[in-house]
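Step one of this worksheet: look at the structure below.
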2 protein chains.
Amino acid sequence: MRLSTRGRYGTRLMLELAKNYGEGPKSVSDISKNLNIPVKYLEQLIIPLKKAALISSVRGPKGGHMLSRPAEEISLWHILTLLETKFSFVDCLTDDGVCERIATCPIRPFWNEALRGMRKLFRETSLLDVLISSRGSQRPAAQNPAD
Amino acid sequence: MRLSTRGRYGTRLMLELAKNYGEGPKSVSDISKNLNIPVKYLEQLIIPLKKAALISSVRGPKGGHMLSRPAEEISLWHILTLLETKFSFVDCLTDDGVCERIATCPIRPFWNEALRGMRKLFRETSLLDVLISSRGSQRPAAQNPAD
DNA sequence: TCGAACTATACTCTGACAATATATATTAAA
DNA sequence: TTTAATATATATTGTCAGAGTATAGTTCGA
């Protein structure tokens, strides 16, 4: 139940671009320095985000990348589904063929319900929402009791 | 964002025991046949569940394992935290040392909020809840639009 | 005392993921 | 028009957690 590096780096990247929205393109090498992410790895993440029209690029010197829409119109869900290969608790929610027990499985409906809840939250949270709420209060993380 | 086999098999196991609660111990070989899980792998999963007093065992012939409490007193959260090694979206929620950017990270608070939501749902769902809701309606899974 | 069951530890194997390497194409500025 | 900085595309290597197996030992009821 961990996010992959692609998902984590990808959200970092998009938040960085969101910060600089309206200020022209930002080069990959700049982003790489700021975020501590290898240049070549960043370039791989950018490709699907471009195809989905979340990012626009400008080639040549002084070129780079930028959001193609305002930060409030891009949700975390959109980003993560593009970058995470399996973004659900269990495979049987997206592929019917992976398990023969689907018809009688008692817990599959629950995984689906949990996924729906997560999707709702992630869809309702935009890049702008994240930036605003973090700017306000850098409150210490809430308790994580082990049980 | 996939559950590991340990988590999936573990919940299967516990649901199987929940079904037979009150009928005495169930042998590992029986469980293995019913659930299509290797005997040796099952035995590994049982150990932490026993240590946490969710399972009681009886040795010798006709021995086996059973829930040590009613199914309504065992939550999915309890089971999954025992079996999943990293049960949070990002490591920095549980280990402070893994990232130097924590102080300024804009998205960590969001991961924490998402985890809290998930924990709430999983805590409020017991083995009995799962069995009851699945017994009622084996409704087809809800839509999973890609975006 | 026998066998069926549980306990413990160590080991191997595999695949997804992270990261790097190489080569090519584009284009603004000098 | 040349150059340098940038983006694009594909292929390759490396790494590690997780899945599964193997072996040896312990307990206890019939």
Side-chain angles (χ1 to χ4, degrees), chain A residues 1-13 17 24-33 35-52 54-66 68 80 82-91 95 98-99, chain B residues 1-10 12-13 17 24-33 35-66 68 80 82-91 95 98-99:
Chain A
M1 280 300 303
R2 250 173 38 240
L3 228 55
S4 75
T5 307
R6 285 172 63 90
R8 283 185 292 113
Y9 285 3
T11 51
R12 264 202 227 168
L13 162 66
L17 295 184
K26 205 159 178 59
S27 76
V28 170
S29 64
D30 278 1
I31 302 172
S32 171
K33 279 176 211 151
L35 303 184
N36 268 330
I37 303 176
V39 168
K40 287 297 174 187
Y41 202 69
L42 267 178
E43 290 172 343
Q44 284 184 15
L45 302 182
I46 288 172
I47 294 172
L49 295 168
K50 283 197 61 172
K51 282 186 182 162
L54 298 187
I55 286 183
S56 306
S57 303
V58 177
R59 310 189 86 154
K62 298 291 177 187
H65 303 277
M66 55 194 174
S68 47
L80 290 171
L82 288 172
L83 298 177
E84 293 283 326
T85 49
K86 306 270 185 180
F87 198 42
S88 63
F89 299 98
V90 287
D91 288 347
D95 295 349
V98 294
C99 180
Chain B
M1 279 300 303
R2 253 174 35 243
L3 228 58
S4 76
T5 307
R6 284 172 63 90
R8 282 185 292 115
Y9 285 4
R12 264 202 227 170
L13 161 67
L17 296 183
K26 204 159 179 59
S27 76
V28 170
S29 63
D30 278 359
I31 302 172
S32 171
K33 280 176 213 154
L35 304 185
N36 269 328
I37 302 175
V39 168
K40 286 297 173 186
Y41 203 69
L42 266 178
E43 289 172 343
Q44 286 183 14
L45 301 182
I46 288 171
I47 294 171
L49 295 168
K50 283 198 59 171
K51 282 186 182 161
L54 299 187
I55 286 182
S56 305
S57 302
V58 177
R59 314 188 84 152
K62 298 288 175 187
H65 304 278
M66 53 195 175
S68 48
L80 290 171
L82 289 171
L83 298 178
E84 293 283 326
T85 49
K86 305 271 184 176
F87 199 41
S88 63
F89 298 98
V90 287
D91 289 347
D95 295 349
V98 293
C99 181

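All heavy atoms count here, side chains included; hydrogens, waters and symmetry mates do not. Numbered from 1 within each chain, the chains take letters A, B, ... in sequence-line order.
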Mind checking side chain to side chain donor-acceptor pair (under 3.5 Å) for B:T85 and listing every partner two or more places apart, or none if nothing turns up?
->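 Listed in chain order: nothing, the list is empty.
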Non-neighbouring partners of B:S32 that pass side chain to side chain donor-acceptor pair (under 3.5 Å), sequence neighbours left out = none
Are any of the side-chain heavy atoms of A:M1 and B:L3 separated by less than 4.5 Å?
->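 Of all side-chain heavy-atom pairs linking B:L3 with A:M1, at least one is under 4.5 Å.
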Quick one: does A:R2's side chain get under 4.5 Å of B:F87's, heavy atoms only?
-> no
Sugar-phosphate, base or nothing in reach of A:K50, heavy atoms under 4.0 Å |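 Touches sugar-phosphate only.
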Describe the nucleic acid contact of B:P61 in one word from base, sugar-phosphate, nothing, applying a heavy-atom distance below 4.0 Å.
->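 Base contact.
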Write down the distance between CZ (B:R12) and C1' (D:dA19), rounded to a whole number of angstrom.
->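 Between C1' of D:dA19 and CZ of B:R12: 14 Å.
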Rounded distance (Å) that lies between atom P of D:dC28 and atom NE2 of B:H65 |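 For the pair B:H65 NE2 and D:dC28 P, the rounded distance is 14 Å.
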Enumerate, atom names and distances included, each donor-acceptor pair closer than 3.5 Å involving a side-chain atom of residues 39-54 of chain B, sequence neighbours excluded.
residue : atom : partner : partner atom : Å
B:K40   : NZ   : B:E43   : OE1          : 3.4
B:K50   : NZ   : B:S57   : OG           : 3.1

Smallest separation among heavy atoms of [X] and [Y], with atom names:
X     : Y     : value
A:K86 : A:D91 : CD-OD1, 3.6 Å
B:K62 : B:P25 : O-CG, 3.7 Å
A:S4  : A:E84 : OG-OE2, 2.8 Å
B:V90 : A:R8  : CG1-CD, 3.5 Å
B:H65 : B:L17 : O-CD2, 3.7 Å

Polar atom pairs (N or O), protein with nucleotides 22-27 of chain D, under 3.5 Å:
residue : atom : partner : partner atom : Å
D:dT23  : O4   : B:K40   : NZ           : 3.1

Spacing of A:I37 atom CD1 and A:I31 atom CD1 [to the nearest 0.5 Å] |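 Those atoms lie 8.5 Å apart.
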Could you list the protein-to-nucleotides 14-18 of chain D atom pairs, N/O on both sides, closer than 3.5 Å?
residue : atom : partner : partner atom : Å
D:dG18  : OP1  : B:T85   : OG1          : 3.0

Along DNA chain C, first and last positions that approach a heavy atom of chain B under 4.0 Å =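 Span of nucleotides near chain B: C:dG3 to C:dA10.
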Along DNA chain D (nearest heavy atom to each residue), the more 5'-positioned of B:R8 and B:V58 |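 The 5'-side residue here is B:R8.
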